[in-house]
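Beneath this line is the structure, given in structure tokens, with notes to follow.
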Number of protein chains: 2
Amino acid sequence: MASQPRPRIRDVAEVAGVSATTVSHVLNGKGRVDAATRARVTAAAERLGYRPNSNAKGLRSGRADTIGLLLPVGADLEQAHHVLAVEFYLTLAMNTVEAAFEHDQALLQLPPLRGLDDLRRFSVDGGIVVDPLPLDTRVAMFNELGVPVVTIGRDILRTQDPWWVAADSAGSTGMVLDHLAEAGARRIAMLSVDIGWSWFADAQQTYREWAGRRGIEPILVLARPDKLESSAVAAAAEVLDHRPDAVYVPPQWLASGLLRVARERGVDVPGDLLVSVGVDSHLARTSEPPLTAVDLDPASTARQAVDLLIHRIEGGEPAGPRLIPTTLHSRASSLRTPGAAHRP
Amino acid sequence: MASQPRPRIRDVAEVAGVSATTVSHVLNGKGRVDAATRARVTAAAERLGYRPNSNAKGLRSGRADTIGLLLPVGADLEQAHHVLAVEFYLTLAMNTVEAAFEHDQALLQLPPLRGLDDLRRFSVDGGIVVDPLPLDTRVAMFNELGVPVVTIGRDILRTQDPWWVAADSAGSTGMVLDHLAEAGARRIAMLSVDIGWSWFADAQQTYREWAGRRGIEPILVLARPDKLESSAVAAAAEVLDHRPDAVYVPPQWLASGLLRVARERGVDVPGDLLVSVGVDSHLARTSEPPLTAVDLDPASTARQAVDLLIHRIEGGEPAGPRLIPTTLHSRASSLRTPGAAHRP
DNA sequence: CTGAAAGCGCTTACAG
DNA sequence: CTGAAAGCGCTTACAG
């Protein structure tokens, strides 16, 4: 419990019989230092459990060795109905933490930013903004303060910005639609939402193009973006009115509403209707029936985002956006087993 | 995009026509400063968008104005089956962030700590360790470095430690058992797990005492702590072998296994079996039937933990542990509607 | 290869 | 009520 005073660089220098300068050189791999001296310094630092004071280091170097993470959820997340994506965000966060750690950076969780002053209170070398809205204000704040920023998800209106990492929505959509078509679907609808996140925007565009190429009239229903159960149910009812034989649902939070309405109408999944959702989750895996879903690989996404941010912090050239490949987990909801239709 | 140089305290001093000392006094509410001077300084700081450099501040004061949060999940959380509690942890994390922010503290997400050196790399004034195991190593590391620490959940073996905040497990258990008894249950079992978290340990003890007071033989089945689906199912089968008419399941991740086994055996919930789970979640709310569950109020828990930690950082006397009251959300799984039993 | 010295931007005795 | 000066623990030209 007794907090012994933390060793300073001069303590290490003393033990090693050199100057603080030399200790600094050794520890930071700068300058030329004799191998024997280097060994003595390393040993002394090790023995004392020396860790440079990050405030002093940061003050001198102007770097905080800290990056900020801004999730699109606040403290009121219990209320929000997109709680279904919590696994995704928590996985994203924990992987960001570990990736940052491996790069010798600490990870600051930023609260929702109400203004520039909120952001100014944190000293970070860079920031990661998750799920930017079109012309995202949070990104603008980082830019305004000259702090390097990278987004997870693309800001669909900042078309010149190369500093983002995102799961491949267009590719995923093509994969899902092809999968449903191969399973025999002829009238494939999309049930989505009108939020400006690239995951949804790109899915819609890809769906339209895909339908166009096949000369099919797209059936596209957008739920209200309020994430309320009632809106989900209303949109589900509307899409079923079109009598599709398959539905792709990029926003995973609309899936349970769709299943419920289908059940109420006696529409069997997968017998009468194939379903695939956009973001894999425990719920998708344990749903009845289990739902075919796209695995967005939040772990890789987080790591790529940290890499890209550090590249930007170090003044690197825009390395271009990074698209993260996805995987389709095919489950019972999209498997048309002959004879399984119209089970009682 | 152009990063204009950040204003320093001397810039503010210059604009206000005073010394840096006075600016510091005004901004930190120290010393006596003339009201007019104070106003000029405040205005100047405001106009320049001045924010003290936290590294300089920290170097001088020895404080980092940063607290660390250590969740019991790592980057591999997709694998772990306790993903069901992700809402709880994410809510905890986001509320910790906001509470810290309101106390002018930044919140560092700490990665899993493999040793003292990992912890030394972070400069934090204090730490919050979530769900400590008995004689928790992470807590020991903070103590070893002399960094104030507070736990969310009680370390059941460090009985002298008053620095914790936890949802009231004993109270919740009593509430659930009474609720089930009032609904008519006579043979109330507990399906839990042998992990040393206080939430589970206290629930078991309370259950035993409760049964003892009523002269009932407790039916207590503990699942293996590996969080595998197979272990959950095995434990569920074992508890149903005892033919209980109600089960309280403190670890929420065992609930779906119980429901599945009950369905397979033709045991109707709630007709033949009342069920209540320990941690409320979206899954509990949307389960079929919806599950009666304890709301642990992670938001209050997080805020109290931050309060307590700051109290400890400031050298306050042990204020004693803080028990967070819980709420029971009574849902269909524990409502014995006469005649509802043995629905097809 | 090594070290003395300056300075990063603050806060805090201390003097006036 | 106000300010000059020291110093927190580092890193980095610079000199030797």
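Predicted model, so just to flag it, every value in this text is computed and none were measured. Lettering of chains follows the sequences in order, A, B, ..., and the numbering in each one begins at 1.
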Spacing of A/Arg40 atom CZ relative to C/dC1 atom C1', expressed in whole Å: 12 Å

Gap between atoms CG and P, on A/Asn55 and C/dG7 respectively (whole Å): 22 Å

Candidate nucleotides C/dC10, D/dG3, D/dC1, ranked by approach to the side chain of B/Asp34 - the nearest: D/dC1

Output one line per pair: protein atom, nucleotide atom from nucleotides 12-16 of chain C, and distance, for all N/O pairs under 3.5 Å.
{"residue": "C/dT12", "atom": "OP2", "partner": "B/Lys30", "partner atom": "NZ", "Å": "3.1"}
{"residue": "C/dT12", "atom": "O4'", "partner": "B/Arg60", "partner atom": "NH2", "Å": "3.3"}
{"residue": "C/dT12", "atom": "O4", "partner": "B/Thr21", "partner atom": "OG1", "Å": "3.3"}

Stepwise side-chain contact (heavy atoms from CB on, under 4.5 Å) test for A/Val26 and A/Val18: CA-CA 11 Å; A/Val26 169; A/Val18 296; over 6 Å; no

Sugar-phosphate only, base, or nothing, as touched by B/Ser54 at under 4.0 Å among non-hydrogen atoms: nothing

side-chain contact (heavy atoms from CB on, under 4.5 Å) between A/Phe122 and B/Arg51, worked out: CA-CA 9 Å; A/Phe122 299 97; B/Arg51 277 284 150 190; over 6 Å; no

Per B/Leu59 side chain, nearest of listed nucleotides D/dG9, C/dG3, D/dG3: D/dG9

Under 3.5 Å: donor-acceptor pair, side chain of A/Asp11, backbone of A/Pro7: no

Listed nucleotide nearest any side-chain atom of A/Ser19, set C/dG3, D/dC10, D/dG3: C/dG3

Heavy-atom closest pair, residues A/Ile9 and A/Val23: CG1-CG1, 3.5 Å

Side chains of B/Arg303 and B/Asp307 in contact at under 4.5 Å (non-hydrogen atoms): no

Minimum-distance pair of heavy atoms, taken over all atoms of A/Val149 and A/Arg312: O-NH1, 2.7 Å

5'-to-3' dot-bracket of DNA chain D (Watson-Crick, G-U; under 3.5 angstrom; crossing pairs as [ ]; | other strand): |||.||||||||.|||

Rounded distance in Å - CG (A/Leu27) to P (D/dG9): 16 Å

Neighbours of DNA chain D within residues 44-53 of chain B, by heavy-atom distance under 4.0 Å: none

Nearest-neighbour nucleotide for the A/Ile9 side chain, D/dC10, D/dT2, C/dT11 considered: D/dC10

A/Asp155 side-chain N/O to A/Leu135 backbone N/O, donor-acceptor pair under 3.5 Å: yes

Touch class at under 4.0 angstrom, heavy-atom based, for A/Arg32 against every strand present: base

Validation row: A/Ile128, A/Leu308 side chains within 4.5 angstrom (heavy atoms): no

Carboxylate-amine/guanidinium contact B/Asp104 A/Arg121, below 4.0 Å: yes

Separation of D/dC10 P from A/Arg10 CZ (nearest whole Å): 9 Å

